[in-house]
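Just below is one structure, and these are the notes that go with it.
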Amino acid sequence: MRCWLMKSEPDDVSIDSLAARPGQTVPWYGVRNYQARNFMRDAMRVGDGVLFYHSGCAEPGIAGIARVASEPYPDATQFDPASKYFDPKSTPEAPRWLHVDVGFVRKTRLVGLPELRGCPELENMRVLARGNRLSITPVEPAEWRFIVGQLLGATDLQDWT
DNA sequence: GCCAACGTTGGC
DNA sequence: GCCAACGTTGGC
């Protein structure tokens, strides 16, 4: 099983709003980057671990733990002319954008970017690489164990993957 | 609001 | 297939 880091703007979907949703899941709509799409379409499996990251906000960082909760399927917003994620070049017959559902596992303390950057154990973490803009990045098992076990103290989840 | 970095588009 | 222009991300 793999693990991932997925960015969300908390003004849109935060860890709290995920927990409050029906079924505590959310379709990961709005991804319009091929690499990120390919991770969801080709590499994710139901049950994969997710570090839920808040971006574009006052305190960017890891805010909770989630899981991949569905197989990939078409993102409905690409067909909605009223949506800011509307893609006129996509059709229901050949949908361009697929996503998965993400399910709530637990809220954690906020592990901010400066703290993550200060950990030698995480120096090669993809999301911390210079100029990284990918909203979905793979997380190495050792990185997962360190973050979940050492930083979050969630020892019951550190060997999830 | 600024700006570095990067992905995408489209003319050639 | 190249590459300049443009748009977006996301931290600060």
Side-chain angles (χ1 to χ4, degrees), chain A residues 2-21 25-44 48-70 72-140 143-144 146-148 150-152:
Chain A
R2 303 193 197 195
C3 27
W4 309 91
L5 181 141
M6 299 176 80
K7 295 180 185 174
S8 179
E9 298 190 9
D11 285 350
D12 189 3
V13 180
S14 68
I15 190 72
D16 287 323
S17 67
L18 173 63
R21 288 178 61 93
T25 68
V26 65
W28 206 253
Y29 60 83
V31 170
R32 295 295 180 266
N33 170 285
Y34 290 104
Q35 251 183 291
R37 178 205 65 181
N38 292 350
F39 284 140
M40 291 195 284
R41 186 190 63 185
D42 306 329
M44 286 187 180
D48 281 1
V50 173
L51 300 172
F52 194 102
Y53 182 98
H54 285 175
S55 69
C57 57
E59 262 199 297
I62 295 166
I65 296 175
R67 60 186 285 273
V68 175
S70 81
Y73 64 99
D75 179 344
T77 62
Q78 71 194 301
F79 307 125
D80 177 5
S83 169
K84 69 173 186 174
Y85 300 117
F86 178 61
D87 183 349
K89 293 180 182 168
S90 187
T91 64
E93 294 72 31
R96 181 179 290 194
W97 305 110
L98 305 184
H99 62 195
V100 297
D101 288 346
V102 170
F104 178 79
V105 173
R106 77 179 57 160
K107 183 179 181 176
T108 66
R109 76 176 178 93
L110 191 117
V111 182
L113 245 198
E115 183 175 358
L116 293 172
R117 290 199 186 283
C119 295
E121 294 86 348
L122 303 177
E123 64 181 356
N124 295 320
M125 206 177 172
R126 190 94 172 260
V127 74
L128 303 180
R130 199 176 99 99
N132 171 71
R133 293 190 322 169
L134 260 189
S135 63
I136 300 176
T137 47
V139 174
E140 295 302 318
E143 295 165 348
W144 174 276
F146 177 76
I147 292 169
V148 172
Q150 299 295 122
L151 298 185
L152 298 175

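Per chain, numbering begins at 1; letters A, B, ... match sequence-line order. As the structure is a computational prediction, the values presented were derived from the model and not from experiment.
For A:Phe39, the ring-ring contact (aromatic ring centres under 6.0 Å, His included) partners are A:Trp4, not counting sequence neighbours. Under the rule for a ring-ring contact (aromatic ring centres under 6.0 Å, His included), the partners of A:Phe52 that lie at least two apart in sequence or sit in another chain are A:Trp28, A:His54. The side-chain hydrogen bond (donor to acceptor under 3.5 Å, both in side chains) check on A:Ser135 picks up nothing, with sequence neighbours excluded. The side-chain hydrogen bond (donor to acceptor under 3.5 Å, both in side chains) search around A:Glu115 returns A:Arg109, not counting sequence neighbours. Under the ring-ring contact (aromatic ring centres under 6.0 Å, His included) criterion, A:Phe86 pairs with no residue, sequence neighbours left out. A search for side-chain contact (heavy atoms from CB on, under 4.5 Å) contacts involving A:Glu121 returns A:Cys119, A:Phe146, not counting sequence neighbours. Listed by chain and residue number, A:Tyr29 satisfy the side-chain hydrogen bond (donor to acceptor under 3.5 Å, both in side chains) test with A:Asp12 (two or more places apart in sequence, or in another chain). Scanning for side-chain hydrogen bond (donor to acceptor under 3.5 Å, both in side chains) contacts around A:Arg133 gives an empty result, with sequence neighbours left out. Looking at residues two or more places apart in sequence or on another chain, you find no side-chain contact (heavy atoms from CB on, under 4.5 Å) involving A:Ala76.
Using a 4.0 Å cutoff on non-hydrogen atoms, the parts of residues 123-132 of chain A near DNA chain B are A:Arg130, A:Gly131, ordered by number. DNA chain B is contacted by A:Lys89 of residues 82-99 of chain A, taking any non-hydrogen atom closer than 4.0 Å.
In this structure, A:Tyr73 has its ring center no closer than 6.0 Å to that of A:Trp97.
First and last contacting nucleotides of DNA chain B toward chain A (any atom under 4.0 angstrom from a heavy atom, 5' to 3' order): B:dA5 to B:dG10.
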